[in-house]
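In the text below, chain A, chain B and the rest are named by the order of the sequence lines, each starting its count at 1. Computed from a predicted structure; not experimentally measured.
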Protein chains: 2
Amino acid sequence: MATATRRSFVMDHITRLIQSRTLGAGDRLPSVRGLAARLGVSPSTVVEAYDVLAADGAIFALRGSGFFVADRVQPFAVSQTGPELEREVDPLWVARQSIDSGAEVAKPGCGWMPADWMPVESLRRAMRRVTRGDSSVLTDYGNAQGHADLRRHIARKLHDQGVGVDPDHVLLTNSGSQALDLICRLLLKPGDTVLVDDPCYFNFQALLRAHRITVASVRHTRNGPDLPTFENVLKEQRPRLYLTNSALHNPTGATITAATAHRVLSLAESYDMLIVEDAIFSEFEPDLSPRLAALDGLDRVLTIGSFSKTLSASLRCGYIVARPDWIAALTDLQVATNFGGPSPMVTTLLYAALTDGSYRKHMEALKTRLDGARNRTIGELSTMGIVPWVKPRGGFYLWCEFPGQQDVARLARAALRQGVVFAPGNVFSPTQSMNSFMRFNVSQMNGTSHLEVLRKLLSRSDIS
Amino acid sequence: MATATRRSFVMDHITRLIQSRTLGAGDRLPSVRGLAARLGVSPSTVVEAYDVLAADGAIFALRGSGFFVADRVQPFAVSQTGPELEREVDPLWVARQSIDSGAEVAKPGCGWMPADWMPVESLRRAMRRVTRGDSSVLTDYGNAQGHADLRRHIARKLHDQGVGVDPDHVLLTNSGSQALDLICRLLLKPGDTVLVDDPCYFNFQALLRAHRITVASVRHTRNGPDLPTFENVLKEQRPRLYLTNSALHNPTGATITAATAHRVLSLAESYDMLIVEDAIFSEFEPDLSPRLAALDGLDRVLTIGSFSKTLSASLRCGYIVARPDWIAALTDLQVATNFGGPSPMVTTLLYAALTDGSYRKHMEALKTRLDGARNRTIGELSTMGIVPWVKPRGGFYLWCEFPGQQDVARLARAALRQGVVFAPGNVFSPTQSMNSFMRFNVSQMNGTSHLEVLRKLLSRSDIS
């Protein structure tokens, strides 16, 4: 028998034992040597077979104890999509690779800035203040809707963006993702359809899948969603909700035009669709772009955001801005599922950092620094024939097309083996049609080593 | 017309306008004076009618702007259960009253200890260390499974309780509630049945409702769940999962016996049911009581916990201990729905506080202090004829039966109007059969004023 055939033979043997319930959930599989002897194959063939079964989730390894049958419960999985080839770059691929790899790994594909670009001294000052402050802030649950002054601060910021709200319209959450998670719980049910942009922030897809939501998509243009397709999808698939970015679109950095925004809202009204606008990059804009919530007055638009990009991703805090009746129901939901929102110690700290007088200067300096990094990165990439799809007005992303029909996912996997996490286009694409694109984080491009890795991979043909 | 008839008349008028879509979602309702004149009723009748419609969720008030039609989307609500009379004491009642009322309100019904019972100095020391420490801890996302040293610490603690685990079995979450929330997402689907104790921690019910889970219950005895009923429910309702407390049961403070624990596990195996044991009060035990996870070896038992009761409720961090294959899937789910777990700054701080050498002494002193408070509270309540259902071995709850068939929910509502939050029995009861019970938090009984409020209310007959 060929190696692959022998491996399949072992896999079939084990699968039959599981399907016939000879081996039940939690049972230990035969030892590698024992089974190898019994089936007349080499131990390494058994190990290979077990590894494939483990990768499929049928069995699992317990360090030092051998392999065990997984529970017959099929636990609900959020990763795993699309064709087998793409498994390694499912929507959680970039997230898990970026979060879990150590500091030795370069992350031009990640979604945050280096620590030394963040306002660390202001955070340390704020921590010292909180450390000396009221002891109940360090030990007690806070109120359910979250730190009142911080909500007032957010309301004022929204007000400056043309959205007339007061602190009652604001709920603090653990993160921008959890903000969206709560909204899904309140306004959607399994089987509902949600419309997203193609491409869109990869975690939107993972999150919607966790809610058993059907995802529809509309191609994103440099001016916002492609309107003829948008109307078509609304007519034919009747999505309950449209989830998009305002200010600066992730991953493209594009900005919606006023005309497109107006048309999107009109269509949403005609087809009775809600809209969630994720405005997480709003403070990186050089000037104010259209806000759906401002046009709509919070009738059918909910806005979400967080402090992860501007102050700290470690201090977990996001928020929802919406109609007070929805905020009340969302608050109950957050108590039920998390016994309240973010840490009161953390929100006290964030409020202190936002209001200590240095925040505006920090953001101005940051924008200048990002403009420089963006221009530099565009220049460097152009020497490889890699060009931005649009030049963003702000923020730290560049969405770039690769020359020729590159298999960018394969390239990203090869780069990972050399210690560089890139963000291949298809992790952002519900239709898996963006495999010649990549998202770069211009704040993480310092040094030339990532670019060298990229240049070498582009010149090789065997990047499997 | 009688007042009630006039009010109904106005309500019917508005309801017809909404049902006929003359008034759509978000539309402003007619002004109170205008409508009163038009319908020939007094303005106060219109206000009453609007208030009832608002309480029903058909319309909502926007401060200073009038009343508006609610969206025809029926948002998913987690509060609201049982008969009309009980609405005010639904499972979220105690939570919201305790969290949201200010420091001027006494909270003998709440689920935490006063700030000066918590290790505030140790927390401040830990904060100073983190403030001086690595800047990436203040700004970056941490790894997806959570702070490695803290997971090792939790694994060691579980090991001491007879559950053989390593850090790979542990996932850090934002809270004990969120730990359970993630487990529901992974292992349950809408319509599944989950078995809880009657009485049980009130938030279990709210959380399961948020997942559209059917709740079955079994009467809790002083030795654990009532076994004949338990077996019956398993046979007839086939719950997918049993959710209970180990160590010290909330709200009763009872401890499961070894024989009951063994039988519970055997039945779970026979009926292929999973078990989640919430061990949040485990560190308050004077000695080790049976742990289902220890008996089972994490085959079908998952353990959850948090640091809210021992260190701080402000520093949000809980955890799940389970089989590594489930932990891997739960980690993905937490990334999808919250882009990871608790704040790395917070977990670094918690780890520092847990390991600075003062933690064990703090817990010993706390247990002694609680023993004193428990005995004192028992004595004081006995003068009113209120007796504990069982004397707990530790922790801060006392589950007490009231003399005669008291309507304890009504009493709690009356006490709230006098600035005291009590925890009436029915918020803990899935069958709403505990209205002669109340849960007291012995750490919050300092001073005699709450007891005086209670004594006076008990002596009155008009506590409506």
Main-chain N/O of A:V137 paired with B:S314 side-chain donor or acceptor, under 3.5 Å: yes
Verdict with supporting geometry, A:M118 and B:D140, side-chain contact (heavy atoms from CB on, under 4.5 Å): CA-CA 9 Å; A:M118 303 300 274; B:D140 285 10; 5.8 Å; no
Greatest number of heavy atom pairs closer than 4.5 Å to chain B - which of A:A179, A:S312, A:A313: A:A313
Pairwise distance OG(A:S308) to OH(B:Y141) - rounded to 0.5 angstrom: 4.0 Å
Flag for B:S175-A:N338: side-chain donor and acceptor within less than 3.5 Å: yes
Short side-chain to backbone donor-acceptor contact, B:R316 and A:P342, under 3.5 Å: no
With A:T337, the side chain to side chain contact (heavy atoms under 4.5 Å, CB included) member among B:N203, B:L182, B:D181, B:L180: B:D181
Options A:T139, A:D134, A:N143, ranked by heavy-atom pairs under 4.5 Å with chain B, top entry: A:T139
Least distance between heavy atoms, B:A336 atom then A:S177 atom: O-CB, 4.5 Å
Heavy-atom check, side chain of B:H211 versus side chain of A:R185, under 4.5 Å: yes
Contact class of A:L208 relative to chain B, heavy atoms under 4.5 angstrom: neither
Residue selection (most heavy-atom pairs with chain B, distance under 4.5 Å) from A:L311, A:D116, A:T331: A:T331
Interface moiety of B:L330 toward chain A, non-hydrogen atoms closer than 4.5 Å: neither
Inter-residue atom distance B:L207.CG - A:F339.CZ, 0.5 Å rounding: 11.5 Å
Side chain to side chain, A:P190 and B:P190, heavy atoms closer than 4.5 Å: yes
Least distance between heavy atoms, B:L188 atom then A:R212 atom: O-NH2, 3.9 Å
Minimal non-hydrogen separation, B:L138 against A:V120, with atom names: CD1-CG1, 4.3 Å
Interatomic distance, A:F60 atom CZ to B:W326 atom CH2 [nearest 0.5 angstrom]: 8.5 Å
Region of A:R132 that comes under 4.5 Å of a non-hydrogen atom in chain B: backbone
Rounded distance [0.5 Å steps], CD in B:Q178 versus CG in A:N174: 7.0 Å
Chain B contact via A:V335 - side chain, backbone, both or neither, heavy atoms under 4.5 Å: both
For chain A, the option from B:G133, B:C184, B:A328 that forms the most heavy-atom pairs under 4.5 Å: B:G133
Choice from B:A115, B:G297, B:G340, B:P114 maximising heavy atom contacts with chain A below 4.5 Å: B:A115
Over all atoms of both residues, closest heavy-atom pair of A:R128 and B:T131: CG-CG2, 3.8 Å
Contact leader toward chain B among A:S136, A:C110, A:S135, where contacts are heavy-atom pairs under 4.5 Å: A:S135
B:D192: salt bridge (charged side-chain N to carboxylate O under 4.0 Å, His left out) partners, not counting sequence neighbours: B:K189
A:M127 to B:V130 - nearest heavy-atom pair and separation: CE-CG1, 4.1 Å
